[in-house]
Amino acid sequence: MCRSMARKAVCCGLGSLELLLMVLFLLMTGISVGLITVLAVNLNSQTQEPEETVPSAKPPENPFLIGVGRADCTGPVGDIPLMGYANSDQTAGGIHTRLFSRAFIVDDGSKRVVFVSAEIGMVSQRLRLEVLKELELKYGDLYRQDNVILSGTHTHSGLAGYFQYTLFMITSKGYIKSSIQPIVNGIVKSIDVAHNNMRPGRIFLNKGEIVGSNLNRSPHSYMNNPKEERERYKSNTDEQIVTLKFTDLDGDGMGIFSWFAVHPVSMNYTNRMVSSDNLGYASYLFEQEKNIGSLPGEGPFVAAFATSNSGDVSPNTRGPYCVNTGDKCDYLNSSCPIGGTKMCVAFGPGDDMFESTRIIGENIYRKAKELYGSAEKELHGSVHAAHQWVNMTDVTVQLNSTHSVKTCKPALGHSFAAGTIDGGGDLNFTQGAVEGDPFWDGIRDTLFGTPSTEIQDCQNPKPILFSTGEMNWPFPWHPAIVDVQIITIGSVAIVAVPGEATTMSGRRIREAVKQELEMHNTFTNTEVVVTGLCNVYTHYITTFEEYQVQRYEGASTIYGPHTLSAYIQHFRGLAKAIVEGKVGELPKGPEPPFFSNVFSLLAEPPVDKVPENTTFGQVLEQVDSLYKVGEVVSVTFVAGNPRNSGDMRGKTFITVEKFHNSTDTWEVIHTDASWETRFHWIKGSGGQSNATVEWHIPLSAESGTYRIRHFGHYKQRVIITPVITAYEGASDVFQVTKTLYSH
Ligand code: ZN
């Protein structure tokens, strides 16, 4: 019975049955902590187009020092689960677009702040601690926990395996050193690049609106917010996009930083290729436009698109419906009459996930480009950074002079297992559950024990499915110590939220921080932006009112109904310290743990094998001889496991090359980082695998002679020693024409 229900997909959560099965498995096979410990596997430069000069007054006398940088942070694109839908069967199989980390450093002459946006699901505490260690080794105390914000774009098509808390390790197949290392190195390298190109520059703020590119996926929860509050806003999602434009003193563009609230889940849980999703595509388009002639990921201009208060915000703008019957989903539960939650899915605006990613990405890019072109409001003044570690399981929130409330030890509710309209669960869980279920509660009690009365009362009305705050084997299941952090650049304040704030939660945070900053006359017309998925992952943050409804986001607000109030209290404290110049007096708070015995559950890749009478890199399915623009070229090679290629950051598994008669040379026009290419790694049995490379020929492609090449490595075992050997293959030469009839 359980087998048929074993597959499950939950946005940004964890497959609950997988958790149960995994723990059951561990218990039944008698694996002790000690044994698990034994199992532990150890744990540019391009000519730039002339830029429009900024149309404002001459540069300030004390300009900021600005550095921008970008680096590849793509890990091994085979076998490792993708991080987001929490389905450990959704393992990586190739690349649609590469993943990059983008860093911005701003210095006011005496203080320095760093903002990093990495194309990963979220920043984990473990990842942050490892990055900070590396930065300390390289830079001493220049880049620290208080002045560096690390944010994930929340793509659900990045790689997992970089967590130290048990819940996240389960669907990640543990802590995977080969997965976390490229992310750490990519982030640090992006900071290195930014650090090394710092120069005097200017920063301009601009804002606009993008209509029709996001949708509230829990409107029922949103409607539970007070009417007076809702009436102040015209939409149940934030449509605003905020951009910062960075130029040097000549007005030449250095980069753009942008915030827009949308979940990067245009690529759904059927996808197996690593992808930066919709926000990543906006970055891609902006950088390709500015870095003329550069391959993706190259060139000096850096465009980062970070997520914001997108907790309840879907990009699947056609909205949810029952995919099996065409019915409307139930409004409260997002379930279908036949097939339940799993059948209620949101799609759009495109006809498939690639087209949806493209449309949402283009919409964001187009608006950002317009805002970049018209940005006039220049930022002046100082930069500030304030940071604290907080024990979120034990915060007393003073609601008013007589009434105080408390946060709770973490727990996930039943609706967590229902997933969302962006990826629902397979089981009979539905969103909006405020009652437990005897069957699942029975299983829970058998496996983990009954949640204590204390935690049940504290988390009320959440029916607890996983009392993670009371689960500590083999490591704590959820973090207790989290980062709260704000940096300011002139009149812009960037609030680093360690989770996914819903639309209204984000608005309340922004409002509170703005109010606090403006109590002091050094801050006026302050623009506060919320960045989500920063520093440590703690799931969702709903308002108290939304929490009462217990849809997915409420069930995943792990520190209880007053989670948001606790964050607001802390962010206010940081803002107050900034305006009063008392950042140095803020207590550091309790340091987060760094678990040394974290383990991997992912086996080493097996020895690679070829089908009889073939060799690695040999073509199994050949290209046609002639294609028209708009068509898709496809070629299949005998391949090795991409994990055997080791660290491929800054390299490529594939190229599309154009032949130049005049010089008798092949020019690389696309790599695996290109939007137009798809590198599918398809794992066969017995160590055999194939690589299918597709080139979706753009209408802009030039007529001519082309070929596709594939590069990889295969593993053999000589006696007992693994030996890695490079291989490559090439397709036949083919022609591309603008029309099929021209020659
Ligand atoms: Zn999410």
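Model, not experiment: these values are computed from the prediction. Atoms within each ligand, like the ligands themselves, are counted from 1 in listed order.
Residues T341 and S335 come closest through the heavy atom pair N-CB, 3.9 Å.
Cation-pi geometry between R507 and Y233 is met: under 6.0 angstrom from the ring centre, within 45 degrees of the axis.
Here the two rings, on W477 and F475, have centers that are 6.0 Å apart or farther.
Nearest N/O/S atom of H154 with respect to the Zn ion (ligand 1) is recorded as NE2.
Disulfide status for C336 with C322: present, SG atoms under 2.5 Å apart.
If you put the vertex on the Zn ion (ligand 1), OE1 of E500 and NE2 of H263 sit 90° apart, to the nearest 10°.
Within the 2.8 Å limit, Y540 places at least one N, O or S atom next to the Zn ion (ligand 1).
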